[in-house]
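Both ligands and their constituent atoms are indexed starting at 1 by order of listing. Every heavy atom of this structure was used, including side-chain atoms; hydrogens, water molecules and symmetry mates were not. Only a predicted model underlies this, so the values are computations on that prediction, with no experimental measurement involved.
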Amino acid sequence: MASLCQLVSRGFCSSAARNTVIKHVTVIGAGLMGAGITQVAACTGHTVSLVDVSEDVLKKSVQGMEGSLRRVAKKKFADKHEAAEEFIQKVLQNVSVSTDVASAVAASHLVLEAIVENLKVKRDLFARLDKLAPEHTIFASNTSSLPITDIASSTSRQDRFGGLHFFNPVPMMKLVEVVGTSATSRETFDSLLNFSRSLGKTAVSCKDTPGFIVNRLLVPYMMEAVRLYERGDGSKEDIDIAMKLGAGYPMGPFELGDYVGLDTIKFIIDGWSAYNPDNPLFAQSELLNKLVADGKLGRKTGEGFYKYK
Ligand code: 3HC
């Protein structure tokens, strides 16, 4: 077993706290990712408080979860309708929704944020949560591109702060990236790893570097596909077919961009190119910028690279 000194020398801070077993989670932000994380946590026996500022978003989020659970139940129970319905209701019983963040976080082992990708908004939220949540509560962000360190420094619990990065669609994607900063304690990191595994996911350990592992590779690949198309070296359709049949990817880069949201891809690239303007992998794309400016954000708006019904 590694000694405390060895663990510290691997980049983890020491802490007197013991590993927290995460049973009750508060998820903040009821968009696609927040809803997916809530669903998976509730499915695996955790109790979840899902918080958003909008009642309407919470309502739509629960409807989305029900729809996704029906797809899961269809596979799990085939034509046993009663068992499927019982499963869905049992999972939903583990979920409570609220617009009152103070009462939601009062008894949480973990507060997981999945709100808009804006550093100031996230920092303001966590600074507030820091005053509301119990001392032992671990904080995590599902940010796809912002530095966890910059978010965590808005709190007085940087040792109990990490990243938990999920993938869309959360019920289907088996990976969670667990991100530790130089201030994250070993106990916190282990609790986050164990929590990810308790969701039935495979966890990988990441440092707090831009895009962690997956987005650092995936986003430049998607941007290069756009540049290939912009140069006229291949049609969108052919590039998508090529990557599906030639590389075994479930979706081609244009299909995936539309699925994830072109605003999300642009946001990530904008952030990286601002920090690192000379890196050609992070170069802007005129086409992507125009689609986003025109509100063509992908599936969610009915049009992106492709049109959707
Ligand atoms: N909930 C529950 N079940 C779902 C689901 C969901 N949201 N989406 C798909 N399924 C299941 C269902 O059982 C569905 O069958 P059904 O249609 O009869 O209900 C079955 O999967 C097959 O789904 P589809 O027929 O719609 O299509 P596919 O077979 O292509 O699977 C996919 C869909 C799982 C999304 C697959 O195409 C895929 O893996 N695509 C790549 C996704 C990916 O790369 N995600 C990562 C994006 S990057 C990211 O999220 C990071 C962020 O920071 C940017």
| query | Side chain, backbone, both or neither: which part of Tyr249 has a heavy atom under 4.0 Å from ligand 1? | reply | neither
| remark: for atom 30 (O) of ligand 1, nearest protein heavy atom and its distance come out as Pro250 O, 4.9 Å
| query | Which of the atoms of ligand 1 are close to Phe167, meaning less than 4.0 Å from one of its heavy atoms? | reply | 49 (C), 50 (O), 51 (C)
| said: Ser144 and side chain to side chain contact (heavy atoms under 4.5 Å, CB included): which single residue from Asn215, Val260, Leu218 fits? | reply: Asn215
| Is it the side chain, the backbone, both or neither of Val260 that has a heavy atom closer than 4.0 Å to ligand 1? | side chain
| field | Donor-acceptor under 3.5 Å (Ser285 side chain, Leu288 main chain) | value | yes
| With a cut-off of 4.0 Å, which atoms of ligand 1 are near a heavy atom of Met251? | 35 (C), 37 (O), 40 (N), 41 (C)
| Does the protein put a heavy atom under 4.0 Å from atom 27 (O) of ligand 1? | no
| message | Any donor-acceptor pair under 3.5 Å linking the side-chain atoms of Ser191 with those of His109? | response | no
| query | Which is it for Leu218 and ligand 1 at heavy atoms under 4.0 Å: side chain, backbone, both or neither? | reply | side chain
| request: Please check atom 38 (C) of ligand 1 for a protein heavy-atom neighbour under 4.0 Å. | output: yes
| query | Do we see a donor-acceptor contact under 3.5 Å between the side chains of Ser273 and Gln284? | reply | yes
| Does NZ belonging to Lys60 count more than 12 external heavy atoms closer than 6.0 Å? | no
| task | Please indicate whether Lys23 has more than 12 foreign heavy atoms, meaning atoms of other residues, nucleotides or ligands, lying under 6.0 Å from its NZ. | result | no
| Counting only non-hydrogen atoms of the protein, does one fall under 4.0 Å from atom 22 (C) of ligand 1? | no
| message | Assess, by modelled atom type and distance only, whether the side chains of Thr181 and Asp208 contain a donor and an acceptor separated by less than 3.5 Å. | response | no
| Which residue from Met173, Met172, Lys244, Glu177 reaches closest to atom 10 (N) of ligand 1 through any of its heavy atoms? | Met172
| Contact partition for Asn215 relative to ligand 1, non-hydrogen atoms under 4.0 Å | side chain
| query | So is Glu255 in contact with ligand 1, going by heavy-atom distances below 4.0 Å? | reply | no
| message | Protein heavy atoms near atom 54 (C) of ligand 1, is at least one of them under 4.0 angstrom away? | response | yes
| said: Check this for me, if you would: do Glu224 and Arg227 make a salt bridge, where the nitrogen-to-carboxylate-oxygen distance has to be below 4.0 angstrom? | reply: yes
| Distance below 4.0 Å between atom 48 (S) of ligand 1 and any protein heavy atom? | yes
| message | With nothing but distance in play, are any N or O atoms of Ser68 less than 3.5 Å from an N or O of ligand 1? | response | yes
| What's the shortest heavy-atom distance between Glu117 and Phe267, and which atoms? | O-CZ, 2.6 Å
| field | Selected option - heavy-atom contact closest to atom 45 (N) of ligand 1, from Leu32, Val214, Asn168, Leu175 | value | Asn168
| Is a salt bridge present between Asp294 and Lys290, judged by a nitrogen-to-oxygen distance below 4.0 Å? | yes
| remark: If we number the atoms of ligand 1 from 1 as shown, the ones under 4.0 Å from a heavy atom of Lys74 are 18 (O)
| task | Any atoms of ligand 1 less than 4.0 Å from a non-hydrogen atom of Ser144? List them with their elements. | result | 53 (O)
| query | At what distance is the nearest protein heavy atom to atom 15 (O) of ligand 1, and which residue and atom is it? | reply | Arg71 NH2, 4.2 Å
| query | Between Leu256 and ligand 1, which residue portion shows a heavy-atom distance shorter than 4.0 Å: side chain, backbone, both, or neither? | reply | side chain
| Would you say His165 contacts ligand 1, with heavy atoms under 4.0 Å as the rule? | yes
| task | Compute the centroid of each ring, for Tyr229 and then for Phe254, and state whether the two points are separated by less than 6.0 Å. | result | yes
| message | Any carboxylate oxygen within less than 4.0 angstrom of a Lys/Arg side-chain nitrogen, looking at Arg128 and Asp124? | response | no
| message | Using a 6.0 Å cut-off, check whether atom CD of Glu237 has over 12 heavy atoms from anything other than its own residue. | response | yes
| said: Using a 4.0 Å cutoff against the non-hydrogen atoms of Pro169, which atoms of ligand 1 qualify? | reply: 7 (N), 35 (C)
| query | Would you find a donor on one side and an acceptor on the other, under 3.5 Å apart, between the side chain of Ser185 and the backbone of Asp159? | reply | yes
| said: As a test of the contact definition, would atom 19 (O) of ligand 1 count as having a protein heavy-atom neighbour under 4.0 Å? | reply: yes
| Got a protein heavy atom sitting under 4.0 Å from atom 8 (N) of ligand 1? | yes
| query | Does atom CD of Glu85 have more than 12 heavy-atom neighbours from other groups under 6.0 Å away? | reply | yes
| request: Using a distance threshold of 4.0 Å (strictly less than), state whether atom 13 (O) of ligand 1 has a protein heavy-atom neighbour. | output: yes
